[in-house]
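Report on the following structure.
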2 protein chains.
Amino acid sequence: MSNGHEIAMAIRRAYLSMHRQADAILAPYGVTANQYVILALLAERDQVPQRDLVERAASDPNTIRPVLMTLERKGLVTRKRDPNDGRARCVGLSKKGRRVFEQLQRDSQPFRDRLMAALDPEDAGSFAQYLLQVQTAITQRSSVTTSVTSFSGSSSEDKQ
Amino acid sequence: MSNGHEIAMAIRRAYLSMHRQADAILAPYGVTANQYVILALLAERDQVPQRDLVERAASDPNTIRPVLMTLERKGLVTRKRDPNDGRARCVGLSKKGRRVFEQLQRDSQPFRDRLMAALDPEDAGSFAQYLLQVQTAITQRSSVTTSVTSFSGSSSEDKQ
DNA sequence: TTTCGGTATTACGTCTACGTACTAAATGCA
DNA sequence: TGCATTTAGTACGTAGACGTAATACCGAAA
């Protein structure tokens, strides 16, 4: 009984629960889960444009920017201008940023261990693969533009 | 190479992509993905307290409330007081709400079909099962309360 | 080189997501 | 019965997520 709706709801519940828990674990350090994600991406590869982080996080420029600005204000991240491209930023981890991230990573390891404990080790790979396939399949551009009526209005008809 | 971090990131990317796409598909109807989720839960079982929706969505009372108020303003949802419990609300779908949900459900079916097409049908069940196990494992209450120093401040040390 | 489409970022507004704190009602139990 | 504890919902504040639109800049074609 796993139709599309059930799968979607399961992804949603898993993500929300995970995100909430991660936020709680990181809160004592004054860092949010989203900020941690950005730090992790930068620790993996930095001196990149914001666009690169947007892609790697499957996120959005408008979401990434304020997070980066917060991290910059905390002194964890640098956002230099790219000398080779006047439009772009060159985002990097500061020394402090790297040090902080490494501690966060250490201290949050039990969290990831708990996550992994929920999975059969030999299935973790295909589980991740499925998640990627879902992401890819869903991200397809649908060009169907049927005209519909919006329900946004607070019409008074049909009270019950 | 699927460690805890990779799994977490994969869940995150899948969810964000899915949510964004769902929002785009529902936007012409003036309904958000979150609102759709609530409508779907109510279509499945309504005349329930808000708490019930919070649990079924693995969400939070503070998140559910404004969504319900928006849906109520649109005339899709009713929030009567529970006569048997002065604290509780009794949330239900209005006739219009049910009708609207049924149309949204129909028109968004291609979206869920695309999602399912990414999965081997015989693995969909275990995929959903894994998502649930992740959610359950992660939701455990951790009682470790180590004292840590917050990095929140914008200290000027360690500039790079 | 000039123009023009594509690109990186930013500005702004709306809708979550959720912690903390508070109220009031319900409930357990002495 | 009387009060402490739990529970449903709410108020408020911060941080995200993302659409739309604007700006500056890049690169390629004419």
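In the text below, chain A, chain B and the rest are named by the order of the sequence lines, each starting its count at 1.
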Please state whether the phosphate of D:dC25, meaning OP1 or OP2, lies under 4.0 angstrom from any side-chain nitrogen or oxygen of A:R89.
no
Give one of base, sugar-phosphate or nothing for B:T32, where a contact means two heavy atoms less than 4.0 Å apart.
sugar-phosphate
Starting the side chain at C-beta, find the nucleotide from D:dG16, D:dA11, D:dC18 nearest to B:R65.
D:dA11
Taken to the nearest whole Å, CD/B:Q21 to P/D:dA17 is 17 Å
Would you tell me if any nitrogen or oxygen in the side chain of A:Y15 comes within less than 4.0 Å of OP1 or OP2 on D:dA17?
yes
Gap separating the CG atom of A:N34 from the NE2 atom of A:H19, nearest 0.5 angstrom:
3.5 Å
Please check: side-chain N/O of B:D46 versus main-chain N/O of B:L93, any donor-acceptor pairing under 3.5 Å?
yes
Rounded off to whole Å, could you give me the CD1-to-C1' distance for the A:I38 and D:dA17 pair?
12 Å
Is a donor from one side chain sitting under 3.5 angstrom from an acceptor on the other, for A:S108 and A:R112?
yes
Under 4.0 Å, heavy atoms only, any strand: does A:R12 hit a base, just the sugar-phosphate, or nothing?
sugar-phosphate
Residues A:D52, A:R45: salt bridge by 4.0 Å N-O rule:
yes
Using every non-hydrogen atom in the two residues, find where A:Q47 and A:C90 come nearest and quote the distance to one decimal.
OE1-SG, 3.3 Å
Between D:dT10 atom P and B:I64 atom CD1, what is the distance in whole Å?
12 Å
Whole-Å distance separating the CZ atom of B:R13 from the C1' atom of D:dA17
17 Å
Using atom CD of A:Q35 as one end and atom C1' of D:dT14 as the other, report the distance to the nearest whole Å.
11 Å
Under a 3.5 Å distance rule, please check whether B:S17 uses its side chain to pair with a backbone N or O of B:A14 as donor and acceptor.
no
Salt bridge or not between A:R98 and A:E102? Use side-chain N to carboxylate O under 4.0 Å.
no
Check: B:Y36 ring centre within less than 6.0 Å of B:Y29 ring centre
no
Where does the chain A footprint on DNA chain C start and end, counting 5' to 3' with a 4.0 Å heavy-atom cut-off?
C:dG6 to C:dG19
Under 3.5 Å, is there a donor-acceptor pair linking the side chains of A:R106 and A:Q103?
no
Contact list (N/O, under 3.5 angstrom) for nucleotides 27-29 of chain D vs protein:
none

At under 4.0 Å between heavy atoms, what does B:R79 touch on the DNA or RNA strands: base, sugar-phosphate, or nothing?
sugar-phosphate
Which parts of residues 50-62 of chain B get close to DNA chain C, meaning a heavy atom less than 4.0 angstrom away?
B:D60, B:N62
Answer yes or no: is there a donor N or O on one side and an acceptor on the other, between the side chain of B:R89 and the main chain of B:R79, under 3.5 Å?
yes
Are a donor atom and an acceptor atom from the side chains of B:Q129 and B:Q133 found within less than 3.5 Å of each other?
yes
Could you tell me how far apart A:D82 (CG) and D:dC26 (P) are, to the nearest whole angstrom?
9 Å
On DNA chain D, compare the nucleotides closest to B:C90 and A:N34; which residue's is nearer the 5' end?
B:C90
Could you check whether the rings of A:Y130 and B:F127 sit parallel, tilted or perpendicular, using 30° and 60° as the cut-offs?
perpendicular
Could you pick out which residue, B:A24 or B:M69, lies toward the 5' side of DNA chain D when each is mapped onto its nearest nucleotide?
B:M69
